[in-house]
Amino acid sequence: MKQKIKEIIAQAMKAAYEKGILPSSGFPPVEIEEPKLETHGDFSSNISMIMASVQKMAPRKIAEVIISHLDDPEDIIAKTEIAGPGFINFFINPFSWHPVLHEIHKKNTAYGASNIGNGKKIQVEFVSSNPTGPLHVGHGRGAAVGDAVANLLSFCGYDVQREYYINDSGRQISMLGRSVFLRCQELAGKKIEFPQDCYQGDYIRDLAAIIREQRDDLPDLDEAEAISCCAQFAAENILSGIRDDLESFGVTFDRWYSEQSLFDAGSVEAALTDFRSRDVIYEKDGALWFKTSDYGDEKDRVVVKNDGQTTYFASDIAYHQEKFDRGFDRVIDVWGADHHGYIPRMRASIEASGHSRDQFDVILVKLVNLSRGGQPVAMSTRAGEFVTLKDVTDEVGRDAARFIFLTRHYESPLDFDLELAKKKTNDNPVFYVQYVHARISSLLAKGIERGVRVAEFLETSELSMLKAPEEIQLIKTLARYPEIVQSAGELMEPHRITYYLMNLSAAFHAYYNKHRVLTDDPALTCGRLYLVLAVQKVIRNGLKLLGVSAPEKM
RNA sequence: GCCCCCGUAGCUCAGUGGAUAGAGCGAUGGAUUCCUAAUCCAUGUGCCGCAGGUCCGAUUCCUGCCGGGGGCACCA
């Protein structure tokens with residue numbers, strides 16, 4: 001609809017120019033918006049204000065000219081007005097909205113899909129939590145955001161790959177091995193000093209107990225071997241737990257990428273050699289430094305320490321080079337906000353390896369403040385006291401958790417209240433939206449009971465009886481969906497879908513309370529079912545993008 | 001000290017240059033012989049942190065300041 005109005009305006013400007021009424025052909029792109037006030041029409045254009053200086057005419061005069069040249073063969077426009085400083089307001093003929101419903105039914109699950117991505121290969125890397133402990137709530141938010149962003153991009157025509165990067169190498173893994181090893185010794189009755197920098201959580205004790213059971217050769221190994229054995233065992237065990245948790249959270253990945261595999265394939269060495277040849281690496285104090293400050297970072301960064309060990313950053317450089325080698329046009333990383341200082345050096349590495357900085361984006365997800373009935377729940381990773389993602393989803397359910405994670409812009413801190421998440425009221429919007437879907441399912445079932453044949457009414461519905469203001473309002477809201485999806489995709493902001501769904505749900509509930517869908521008039525009933533089924537489809541599509549289920553019954 | 005994010009109704013937050021700035025919660029009053037009351041309807045609330053600047057027009061963009069949060073390792 002918006003597009004049609006744009007075309008009509010563009011055509012009117014052209015016609016006026018050809019007649020010599022508008023002096024200049026310097027037409028800016030036509031922008032249309034939906035005014036907040038109903039009295040300002042369905043659509044509004046500021047085009048005459050923008051053109052005023054180029055055309056050397058008063059905005060209101062330009063508006064008059066445009067209006068007098070409008071050509072509207074389909075009779076979409078009921079009325080136009082010139083308002084304020086020169087807005088042109090368009091009032092759409094109510095019946096012109098009806099075709100939106102046909103479109104929704106025809107496109108069904110693809111309604112709202114677009115091809116703005118044009119098949120470009122894009123990778124979304126998310127969660128990528130170290131296999132040194134279970135996923136906690138913060139990771140859950142990252143998972144929900146990453147998954148929804150991937151869904152959105154895919155729906156917008158990108159060729160999307162989801163990836164999890166496993167830091168299964170380096171210091172934190174040996175520290176994990178050491179932690180488990182020490183707990184094993186403790187279980188064997190030895191008196192040990194458990195260091196501060198080891199992993200403190202109880203899950204380390206559990207792992208120690210398991211490995212003692214499964215590997216009775218452990219006491220025979222020398223300490224280094226035993227630690228390494230513990231490390232490998234623990235990392236694998238934890239990672240498989242992470243996989244399970246994500247899967248029951250509804251998140252799956254196309255690829256799990258091991259950091260260790262980069263070393264095994266010589267990719268880290270190759271990346272460093274490449275950077276040497278590009279002259280962006282130098283030696284100082286026995287270490288190798290990458291000149292990230294040449295690319296906007298505040299200082300240079302070490303890639304090989306003076307003990308010969310490569311840093312985590314070195315692996316990351318190799319990893320991101322390798323992503324582009326795999327043919328991705330764009331690479332998105334979803335990180336916790338505490339990594340934000342890492343962005344400039346990562347950007348530097350992208351640019352130094354010959355890619356452009358806009359091929360790489362980081363989505364920084366802010367922290368989650370967990371509470372229960374308003375009382376904060378302590379979350380300290382160091383002390384090993386944290387609420388795991390599994391704990392939360394077990395308690396409040398996957399749908400509520402995922403939806404709540406997406407009710408804020410990812411860059412805002414999120415308050416997550418466990419009691420609130422279980423409430424079945426308006427406080428908890430996930431049920432508000434799902435309830436729409438369930439109610440419509442029920443309507444359909446009742447309709448069938450009464451002998452309304454679905455296939456038939458989808459074909460024969462005559463829509464002219466859909467003329468109540470609430471009905472037109474509902475259709476207008478449905479018409480906005482594709483645009484919302486596009487902007488959510490382009491900006492990678494899934495919360496736009498969340499808000500839209502809450503809006504649409506409000507419009508539906510209001511309609512439902514005011515009008516009966518199943519009436520004694522068969523034609524009216526068919527028309528209304530046609531409308532509410534379109535609503536149901538859009539709700540279902542939107543929830544799917546968010547990774548939330550659309551229940552038939554509640 | 002430097003960097004990033006935030007500052008909008010009593011609370012939690014939407015609003016990527018437009019007209020009279022919105023929603024939920026909370027408060028008050030109402031709605032169910034009838035399609036799911038997990039719903040709806042009605043009634044209030046705002047120096048959009050402050051000060052400049054750009055613009056026909058700024059909550060939105062720019063600069064400075066104030067306030068809140070996070071980050072600043074040869075850690076990951």
Side-chain angles (χ1 to χ4, degrees), chain A residues 31 33 35-37 39-40 44-46 48-50 52-53 58-59 83-87 89 130 132 167 169-173 175 197 259 284-289 297-299 301-313 315-316 336-344 364 366-367 369 374 407-415 417 420 423-436 438-447 449-450 487 490-491 493 495-496 498-500 502-503 505-506 508-519 525 528-529 532 553-554:
Chain A
E31 290 303 328
E33 55 149 29
K36 292 169 200 153
L37 265 66
T39 55
H40 292 154
S44 167
S45 176
N46 59 359
S48 13
M49 274 112 82
I50 293 175
S53 57
F87 292 102
N89 295 337
N130 294 348
T132 54
N167 291 114
S169 159
R171 214 180 77 91
Q172 76 281 9
I173 290 293
M175 198 54 85
D197 57 355
E259 180 187 10
K284 193 181 90 182
D285 305 331
L288 281 185
W289 299 70
D297 198 5
E298 57 186 282
K299 52 178 275 203
R301 307 290 172 175
V302 170
V303 286
V304 181
K305 296 186 262 183
N306 62 10
D307 63 3
Q309 294 279 309
T310 56
T311 59
Y312 185 84
F313 182 39
S315 313
D316 268 344
D338 53 337
H339 287 64
H340 107 264
Y342 212 77
I343 297 175
L364 278 186
K366 283 267 158 71
L367 57 93
N369 298 309
T407 50
R408 297 276 175 273
H409 189 279
Y410 52 76
E411 256 174 35
S412 301
L414 175 71
D415 296 321
D417 193 286
L420 200 80
K423 271 200 196 168
K424 293 176 172 169
T425 64
N426 256 356
D427 290 13
N428 190 2
V430 62
F431 296 117
Y432 187 77
V433 174
Q434 287 183 319
Y435 190 41
V436 173
R439 267 184 154 175
I440 295 172
S441 291
S442 168
L443 282 175
L444 181 64
K446 284 250 160 48
E449 254 171 54
R450 293 183 182 200
S487 63
E490 275 171 346
L491 299 164
E493 293 179 351
H495 75 282
R496 288 171 184 271
T498 314
Y499 274 89
Y500 171 81
M502 293 193 281
N503 256 323
S505 300
F508 171 78
H509 286 310
Y511 173 63
Y512 181 90
N513 273 276
K514 183 147 183 190
H515 300 281
R516 284 190 63 83
V517 173
L518 304 173
T519 65
T525 303
R528 288 188 169 167
L529 275 172
V532 300
K553 270 188 188 152
M554 288 175 73

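Numbers restart at 1 for each chain; the letters A, B, ... are given by sequence-line order, proteins then strands.
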Comparing nearest nucleotides in RNA chain B, the 5'-proximal residue of the pair A:Ala337, A:Gly286 is A:Ala337

Comparing nearest nucleotides in RNA chain B, the 5'-proximal residue of the pair A:Ser441, A:Ser412 is A:Ser412

Please give, in whole Å, the distance from [N] [atom2] to [X] [atom1]?
X: A:Arg439; N: B:U32; atom1: CZ; atom2: P; value: 15 Å
X: A:Tyr500; N: B:U16; atom1: OH; atom2: C1'; value: 20 Å
X: A:His340; N: B:G70; atom1: NE2; atom2: C1'; value: 8 Å
X: A:Asp197; N: B:A73; atom1: CG; atom2: P; value: 19 Å
X: A:Lys366; N: B:C5; atom1: NZ; atom2: C1'; value: 3 Å
X: A:Arg301; N: B:C75; atom1: CZ; atom2: P; value: 13 Å
X: A:Tyr511; N: B:C40; atom1: OH; atom2: C1'; value: 15 Å
X: A:Arg408; N: B:U12; atom1: CZ; atom2: P; value: 10 Å

So does [X] get a side-chain nitrogen or oxygen closer than 4.0 Å to the phosphate oxygens (OP1/OP2) of [N]?
X: A:His495; N: B:G15; value: yes
X: A:Lys36; N: B:A19; value: yes
X: A:Ser442; N: B:C35; value: no
X: A:Lys305; N: B:C75; value: yes
X: A:Lys299; N: B:C74; value: yes

So if I take every side-chain heavy atom of [X] and compare against [options], which nucleotide ends up nearest?
X: A:Lys424; options: B:A38, B:A73, B:C56; answer: B:A38
X: A:Tyr499; options: B:C72, B:A14, B:G70; answer: B:A14
X: A:Leu37; options: B:U36, B:U12, B:U20; answer: B:U20
X: A:Arg496; options: B:G15, B:C40, B:C13; answer: B:G15
X: A:His509; options: B:A76, B:U36, B:C40; answer: B:C40
X: A:Asn513; options: B:G18, B:U39, B:A19; answer: B:U39
X: A:Val517; options: B:G18, B:C35, B:C5; answer: B:C35
X: A:Phe87; options: B:G18, B:G69, B:A76; answer: B:G18
X: A:Glu33; options: B:G18, B:A14, B:C35; answer: B:G18
X: A:His40; options: B:A76, B:U36, B:A19; answer: B:A19

Geometric cation-pi criterion, A:Arg439 with A:Phe508: 6.0 Å, 45°:
no

Quick one, [X] and [Y] - any side-chain contact, counting heavy atoms below 4.5 Å?
X: A:Leu529; Y: A:Leu518; result: yes
X: A:Phe313; Y: A:Val302; result: no
X: A:Leu414; Y: A:Thr407; result: yes

Indicate whether the side chain of A:Glu259 and that of A:Ser315 have a donor and an acceptor atom separated by less than 3.5 Å.
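Result is yes, a qualifying pair exists.
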
- Strictly by modelled atom types, are A:Tyr342 and A:Arg301 linked by a side-chain donor-acceptor pair under 3.5 Å?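 No donor-acceptor contact under 3.5 Å links the two side chains.
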
For [X], report the nucleic acid contact type (base, sugar-phosphate, nothing); a contact means any heavy atom under 4.0 Å.
X: A:Tyr432; answer: sugar-phosphate
X: A:Asn46; answer: base
X: A:Asp285; answer: base
X: A:Ala83; answer: base
X: A:Lys553; answer: base
X: A:Leu491; answer: base
X: A:Ser487; answer: base
X: A:Asn89; answer: base
X: A:Ala287; answer: base

Taking atom [atom1] in both [N] and [M], what distance in whole Å separates the two?
N: B:G17; M: B:C75; atom1: P; value: 44 Å
N: B:A76; M: B:U12; atom1: C1'; value: 34 Å
N: B:U60; M: B:G7; atom1: C1'; value: 14 Å
N: B:C4; M: B:U63; atom1: P; value: 10 Å
N: B:A19; M: B:G57; atom1: P; value: 14 Å
N: B:G46; M: B:A21; atom1: P; value: 11 Å
N: B:U59; M: B:G67; atom1: P; value: 24 Å
N: B:U32; M: B:C48; atom1: C1'; value: 40 Å

Look at the side chain of [X] against the base of [N] and say whether a donor-acceptor pair falls under 3.5 Å; ignore hydrogens and angles.
X: A:Arg516; N: B:C34; value: yes
X: A:Ser44; N: B:A19; value: yes
X: A:Asp427; N: B:G24; value: no

Would you say [X]'s side chain and [Y]'s backbone share a donor-acceptor pair under 3.5 angstrom?
X: A:His509; Y: A:Tyr435; value: no
X: A:Asp285; Y: A:Ala287; value: no
X: A:Ser44; Y: A:Glu33; value: no
X: A:Arg528; Y: A:Arg516; value: yes
X: A:Asn428; Y: A:Lys424; value: no

Output field dot_bracket for RNA chain B (Watson-Crick or G-U, both distances under 3.5 Å, | for other-strand pairs) contains (((((((..((((....[...)))).(((((.......))))).....(((((..]....))))))))))))....

Please list, for nucleotides 47-49 of chain B, all pairs of protein and nucleotide N/O atoms separated by less than 3.5 Å.
none

A:Pro59 versus A:Ala52, closest heavy-atom pair with distance: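 What the structure gives for the nearest pair is CG-CB, 3.9 Å.
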
- How about A:Lys305: does its NZ atom have over 12 heavy atoms from other parts shown lying under 6.0 Å from it? yes

When you compare the ring of A:His339 with the six-membered ring of B:A76's base, are the centres less than 5.5 Å apart and the planes under 30° from each other?
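Given the distance and angle limits, yes, they stack.
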
| field | Parallel, tilted or perpendicular: rings of A:His495 and A:Tyr499 (30°, 60°) | value |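 Geometry flag for A:His495 against A:Tyr499: perpendicular rings.
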
